[in-house]
Amino acid sequence: VSEKVDLKEFVGAFVTEATEHLESAIAKLLLLEGAARSGEPMLRHMRDVFRALHTIKGLAAMVGVEPIVAIAHRMEAILRDADRASSPLTAEAIDTLLEGARAIDARIKVLARGGSVPDPPPSLIARLDELDAQPLTKSASLTSTIALDPALAQKLSPAELEHLAHAAGAGLHAFRADFFPSPARAEQGFTINRVRERVAAIGELVKVIPLSVPANEHAPGGLAFVLLVVTSKSREDIATAVGIDAAALEELGPPTALIAEPVVADEPEELVLGEPARRGIVRVDVTRLDEAMDRLSSLVVSRFRLSREATRLAQSGIDVRNLQALLGEHARQLRDLRAAILKVRMVPIAEVLDRVPMILRSLRRSVGKAVRLEIQGGAAELDKAVAERLFPAIVHLVRNAVDHAIETPDERVRRGKPAEGTVSVSCTEQGSARLVLSVSDDGRGIDRELLARRAESDLPTNDAELLELLCRPGLSTRDEVSTVSGRGMGLDIIRRVAVEQLGGELTVSSVWGVGTTFTMTVPLTVSIIDAFAFECAGQRFVVPVAIVDEIVEIDDRLAMRIASNTSNVRVFMRRGESVPILPLEVLFRLGEMRTGVRKAIVVRRAGEPIAFAVDRMLGQQEVVVRPLEDPLVQVTGITGATDLGDGSPTLVVDLVALGANVRMTRGAAA
Amino acid sequence: LTALYVVLEVADATYVLPASDVRELETFSGATRVPAAADFVAGVVHIRGRVVPVIDLRKRFGLPPTEYTLESRVVVTEVGDRLVGLIADRARELLRQDSEIKPPPRVIAEQTQGFVKGIVEVDKRIYLLLDLDRIIGEEQDHGEREHHLDDGEPRRRALPR
């Protein structure tokens with residue numbers, strides 16, 4: 001058992017972690033692409049990409065996925081060389097790196113599905129190798145313009161030197177701070193890691209160089225760290241962060257005498273490039289959270305029973321005021337606990353939107369339009385389950401905007417618009433429970449007349465009617481079939497996701513010639529369960545898989561009627577255990593009790609089995625549960641409603657709570 | 001003072017609700033029955049992604065049931081956070097009136113079990129102003145409802161099929 005299972009666990013962890021690093025690498029590569037166009041400095045992004053790839057390579061080597069190691073290694077080498085030579089990456093190089101990232105992505109996905117990972121495409125490897133072999137254009141050495149000890153300067157890449165020099169010229173300060181670690185300082189909270197963090201918080205830490213120094217009382221470990229930092233803050237601020245005297249801080253001016261020989265480190269850049277330790281982050285499989293939620297649900301059920309018992313006591317004249325107060329507090333605590341668990345499932349919307357530029361990028365290519373993407377993610381967080389459902393809808397709206405709405409550059413110029421179109425995705429929180437997500441473009445707007453003609457309908461007079469028309473399945477305002485939007489979801493599906501699945505709204509506003517905005521308003525959280533669907537007396541229901549013990553076939557001719565007064569309850573024997581069967585149609589007053597061979601769903605309440613007879617099972621699926629909030633429909637055993645795709649609500653039944661609630665003679669059954 | 005009203009027809013009477021309490025009118029094509037909910041609750045429907053209970057006004061008023069038709073409407077009312085649908089035989093927007101609302105004569109108040117809280121007269125026609133809070137049970141205490149499984153008469157009537 002052991003070996004296989006262990007490896008599988010590793011692979012799961014690898015997939016999660018590598019995907020995360022890869023997403024970050026891709027995001028930074030896209031930023032680099034922008035920087036390449038505008039001529040902005042690339043150093044920082046290059047480092048970030050390097051760091052992410054370095055980690056991916058290490059992880060892949062650990063689980064033995066050679067094809068990923070091969071690609072990541074080459075990409076890493078290109079970045080390292082460019083960094084050392086302080087050479088900007090060409091657009092072509094960034095392109096190839098992105099291709100490499102996609103190749104890694106594809107392989108991670110194969111791995112996640114449990115398939116065998118294909119070798120890297122030879123053409124990609126060839127191009128990466130070619131890039132690596134290319135001589136880099138070195139930028140002019142700026143070493144001389146920086147007043148830094150040559151022995152230290154030697155430890156810096158030209159890019160780093162340039163960075164320090166540039167800072168001094170741009171109204172920022174470049175400081176050198178020497179930190180001497182010692183137990184006494186550690187006690188005061190000054191360790192090199194804390195100092196790094198503090199300095200990084202108020203400035204940019206360009207490099208940390210470890211030096212060996214003669215051991216003395218000031219430097220008991222015989223070790224010093226030279227921190228080179230670029231900041232807008234004052235000398236005093238930096239000195240405080242490092243925990244040294246402001247006078248000891250050196251603004252990079254004229255050269256100073258070297259206090260010691262630098263330590264010869266194997267790979268000095270690792271100090272800077274190494275992933276900073278992530279503190280207090282735990283990766284958790286969502287199913288574990290769902291499990292915690294399930295446990296909590298049963299707690300809520302037992303609380304309900306508890307409060308009923310209290311009411312019963314009160315009815316028999318016992319003073320239960322203290323008990324009631326405790327129960328009230330208990331209820332609040334349960335609510336808080338539920339909120340705490342829900343919070344764990346939240347992901348920042350910014351993280352979801354990070355994936356959008358990549359999609360737009362490939363899109364721009366295929367349609368030959370100039371489009372700029374603006375993303376305002378904001379700080380909102382939403383449930384992972386909502387994010388997963390929302391993302392395809394966002395992608396589709398962006399794709400639609402680029403493909404249908406944004407005009408060709410020529411056409412735009414003719415209309416007096418900038419040649420480059422803009423698609424913006426923005427996100428704001430509405431209250432504390434809803435997210436408003438808009439996708440806008442400054443394209444041609446929707447042609448209402450054309451749309452009405454296509455749909456053979458009246459001209460829409462307002463935005464709501466316009467949306468109705470747009471959501472008619474299979475409708476398009478375009479003459480030719482597009483390779484971009486031809487596949488994927490239609491607007492009707494988007495509305496379905498936003499409205500039916502997530503319980504939100506979709507609206508549109510469009511001005512001919514000016515642009516179109518689609519707005520989705522969705523709840524930040526949603527509850528999703530794995531459920532069995534079944535039918536009873538012509539009505540469909542679902543029951544959470546988690547509470548079902550077993551599904552059995554029963555023949556009531558073999559079951560036994562329990563004593564006189566409970567004619568509808570029968571008992572059958574299962575593995576030596578007597579199990580009462582309750583016909584759900586009678587319990588729910590859906591009609592006459594049915595007989596013959598039927599299905600029964602067995603649950604356990606307080607360890608004892610109860611079976612509910614139903615007509616037939618319809619299968620298992622994940623469903624989004626929406627609570628039945630209104631007091632008119634708050635009924636024990638009905639926890640919510642879902643949409644199985646027919647447009648009308650299907651009730652979610654909690655058979656355990658229902659079983660707990662049914663009055664019947666348990667003595668006869670036991 | 002001009003006010004807008006939504007007009008509802010149930011059996012032979014014509015009722016009104018302030019338009020400000022009404023979110024929208026929908027055609028009615030059936031609801032999902034909720035076991036053990038009150039008799040007059042026809043069930044739940046999806047309205048704008050929310051699961052909304054609908055009340056059959058005929059049953060609420062103690063009138064004999066009738067078949068739902070193409071003219072049947074769900075008047076979606078909004079009271080605070082709650083959305084509750086009311087099924088009427090017919091419904092239309094809007095009635096504009098600027099006369100005062102008069103309290104109902106006692107005989108009407110009694111005969112309508114308190115569901116009518118005023119009278120509006122427009123063009124010599126009488127409209128009955130519904131007490132929405134009372135209809136949707138806003139003033140009642142709703143405990144959780146329970147299911148029963150016994151031989152005797154059900155405590156609640158079977159839900160409408």
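Since this is a predicted model, take the numbers as computed values, not measurements. Chain letters run A, B, ... following the sequence lines, proteins first and then strands; every chain starts at 1.
- Around atom CG of B:Asp12, no more than 12 heavy atoms belonging to other residues, nucleotides or ligands sit under 6.0 Å away.
- Residue A:Val633 forms a side chain to side chain contact (heavy atoms under 4.5 Å, CB included) with just one option from B:Thr32, B:Val44, B:Val52, and that option is B:Val44.
- For B:Arg33 against A:Gln539, the heavy-atom pair with the smallest separation is O-NE2, 2.9 Å.
- The contact between B:Leu83 and chain A is made entirely by backbone atoms, counting heavy-atom distances below 4.5 Å.
- Residues A:Leu651 and B:Pro35 meet the side-chain proximity criterion, which asks for heavy atoms closer than 4.5 Å.
- Contact of A:Thr521 with chain B is not made at all, since no heavy-atom distance falls under 4.5 Å.
- Here the shortest heavy-atom pairing between A:Val635 and B:Ala37 reads CG2-N, 4.0 Å.
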